[in-house]
Amino acid sequence: YMSGTSMATPHVTGAVALLKAYAPNLTATEVRSILIQTGDSIPALTGKTTSGRRLDIGNALAYVAPNRTARLTTNTNKSMYRMGETVSIT
C-alpha cells in the first residue's frame with residue numbers, strides 16, 4: 001500500500017510541470033502560492049496539510065490561463081480515449 005508524501009510528490013511535480021507549461025514565466029514562489037490557493041478546501045485536512053486543501057490542477061490551470069481551458073463533452077459514454085484514437089467533435 002502506497003500513501004503519504006512519497007505518493008504526493010509525483011502528483012505535485014506533475015502539477016508544477018503543467019502550470020509551467022501554461023505559464024512559463026511563473027516563479028517557484030508563484031507556482032507554490034497558486035497550487036495552495038486553488039486547491040479544494042477539505043475540512044478533514046485542516047491541521048494535517050499546509051493549507052487544509054487538496055491539490056486541484058484544474059482550478060490552478062484555470063487561474064493562470066483562464067482563456068486556455070475548455071470542457072469537452074461527447075455524445076458517447078466513454079470518459080477515456082486511447083492515444084491516437086480519433087474523436088469527432090461537432
**Q** Would you compute the distance between atom OG1 of Thr38 and atom OH of Tyr63 and round it to the nearest 0.5 angstrom?
**A** 8.5 Å

**Q** If a pair satisfies salt bridge (Lys or Arg N to Asp or Glu O under 4.0 Å) and one of its residues is in residues 18-27, list it, with sequence neighbours excluded.
**A**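 The answer is none; no pair qualifies.
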
**Q** Could you list the residues that satisfy side chain to side chain contact (heavy atoms under 4.5 Å, CB included) with Asp40, not counting sequence neighbours?
**A**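 In terms of side chain to side chain contact (heavy atoms under 4.5 Å, CB included), with neighbours along the sequence ignored, Asp40 is linked to Ile42, Arg54, Asp56, Asn59.
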
**Q** Examine Val12 and Leu45 and state if one hydrophobic cluster contains both, with Ile, Leu, Val, Met, Phe, Trp and Tyr joined whenever side-chain heavy atoms are less than 4.5 Å apart.
**A**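 Different clusters: Val12 never reaches Leu45 through Ile, Leu, Val, Met, Phe, Trp or Tyr contacts under 4.5 Å.
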
**Q** Can you name the one residue among Leu26, Ile57, Val31 that meets side chain to side chain contact (heavy atoms under 4.5 Å, CB included) with Val16?
**A** Val31

**Q** How close do Pro24 and Ala21 get, heavy atom to heavy atom, and via which atoms?
**A**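 That would be CD-O, 4.1 Å.
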
**Q** Under the rule for side chain to side chain contact (heavy atoms under 4.5 Å, CB included), what residues qualify as partners of Thr13, not counting sequence neighbours?
**A**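 So Thr13 forms a side chain to side chain contact (heavy atoms under 4.5 Å, CB included) with Thr9.
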
**Q** Working to the nearest 0.5 angstrom, can you tell me the gap between Leu35 CG and Thr50 OG1?
**A** 11.5 Å

**Q** Using the test side chain to side chain contact (heavy atoms under 4.5 Å, CB included), find all partners of Ser51 that sit at least two apart in sequence or belong to another chain.
**A** Ile36, Thr49, Arg53

